[in-house]
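To start, the structure itself, in structure tokens.
Reminder, nothing fancy here: chain letters follow the sequence lines and each chain counts from 1.
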There are 2 protein chains.
Amino acid sequence: MKQTARAADDGLKLSSWLPYRLFLVAAQVARPLESFYGETYGLSQAGWRILAVIAERDAANAAEIGRACALDPFATSRGIGQLTELGFAVRRAGKSDRRFAAVSITRSGRTAFNRIAALGSAIEARLLARLSESERAALDSTLTRLEDESARIDAGGWRDAGAS
Amino acid sequence: MKQTARAADDGLKLSSWLPYRLFLVAAQVARPLESFYGETYGLSQAGWRILAVIAERDAANAAEIGRACALDPFATSRGIGQLTELGFAVRRAGKSDRRFAAVSITRSGRTAFNRIAALGSAIEARLLARLSESERAALDSTLTRLEDESARIDAGGWRDAGAS
DNA sequence: CATAGTACTTGCACTCTGCAATTATCTATG
DNA sequence: CATAGATAATTGCAGAGTGCAAGTACTATG
């Protein structure tokens, strides 16, 4: 049995596989930002995401925050804990239902957020600078569709990731 | 001093920040695949990436593999170690220079790769199915530019991530 | 042939994650 | 109105992943 000892039987080539390409850009772009807020503020990735969420949405509870930045309840709780230790957020018991802890950003949290966001915006600007106006619009609409479909794929799990 | 207790001073809104959008799609799409190869073969993310690389490039050394899938030498070494333990790869000492270990995929490694790649291709197909032919072409060229710029951003580190 | 350099590996401390168990609180029921 | 059952959040702990110093094996150079 002559076995063609060569290349991928399935056509999957990592460097041109869409999910890997997206991952690579996301990872490379995130790294400088991560080391910035890590070294400067001792913030974790989850901490930064939560900080960004509470910067625009005041007095959110943990579940809302988790949904907004794709973190499970454990990670959310730990992230909020980190932010409160750093003095970037405060927890207050909800007024009507005391199980819901309302999380709010503090003044120094907002200062930190603004510094990080400035770098984040600069990075985004560098990426966008490579694209024409029409390319940006196209990317935006394409990403919206991909977000939609990827949420569906994620929700289904691998057993039916191949389906529809 | 009247402080406007509201929204992000910097315009950065997580859900419309390009790097986060890319990250989200990549993460959601990767999860089902990861649980598939994790549960089925006990493969880590690094292991899968390396498997995909040696499936198309035979007898590569660790440095080449690492470059091809964006892993540092430590992670690469451990990933190769995992693959050899699973019987999916073999290391042979290089003929001319014995410091370079030539890594090759085994028959069972290729079988595993084909199964995983089939699911991976199906997932990619689901994403692409949401796009028109012209959108796919646009996304491809846009991603090429973004890959280029993100590599530059990553290489620079955060101290000059803001610069040109 | 000693020295320096290269490719890779290993050990260890540290962080991150996933999950079970817990706490605190609220709701529904008899 | 006690109490059983939900619900929101937290904590403890084990396992996996990560970063870095040090080590091994080999090659190149003066």
Atom-pair distance (CZ on R49(A); P on dC16(C)), nearest Å: 13 Å
Measure the shortest side-chain to side-chain distance between C69(B) and Y20(A) over non-hydrogen atoms and say whether it is less than 4.5 angstrom. yes
Return the value, rounded to whole Å, for the distance between atom CD1 of I80(B) and atom C1' of dA7(C). 11 Å
Should the pair R130(B)-E147(A) be classified as a salt bridge under the 4.0 Å nitrogen-to-oxygen rule? no
Around R136(A), counting heavy atoms of other residues, nucleotides and ligands shown, do more than 12 lie under 6.0 Å from its CZ? yes
To the nearest Å, give me how far apart CD (E34(A)) and P (dG19(D)) are. 10 Å
Considering only side-chain heavy atoms of R99(B), which listed nucleotide, dC8(C), dT27(D), dA9(D), is closest? dT27(D)
Most 5' of Q45(A) and G94(A) on DNA chain C, judged by nearest nucleotide: Q45(A)
Assert: residue with more 5' nearest nucleotide on DNA chain C, out of D72(A) and E64(B), is E64(B)
When the distance from CZ of F100(B) to P of dT24(D) is rounded to whole Å, what number comes out? 21 Å
I need the CD-C1' distance between Q82(A) and dA9(D), as an integer number of Å. 18 Å
Looking across every strand, which nucleic acid part, if any, lies under 4.0 Å from F74(B) by heavy atom: base, sugar-phosphate, or nothing? base
Examine the base of dT25(C) for any acceptor or donor lying under 3.5 Å from a partner atom in the side chain of R98(A), and report the outcome as yes or no. no
Return the nearest nucleotide to the side chain of R78(A); candidates are dT10(C), dG12(D), dT27(D). dG12(D)
In whole Å, what is the span from the CG atom of N61(A) to the P atom of dT7(D)? 15 Å
Is it the case that the side chains of R21(A) and S16(A) hold a donor-acceptor pair, with the cut-off being a distance below 3.5 Å and no angle test? no
Rounded to whole angstroms, how far apart are CG on L71(B) and C1' on dG17(D)? 12 Å
Are any of the side-chain nitrogens in R31(A) or E34(A) under 4.0 Å away from the carboxylate oxygens of its partner? no
Which part of the nucleic acid, if any, lies within contact of S44(B), taking any heavy atom under 4.0 Å across all strands shown: a base, the sugar-phosphate backbone alone, or nothing? sugar-phosphate
What's the CD1-C1' distance between I50(A) and dA9(D), to the nearest Å? 13 Å
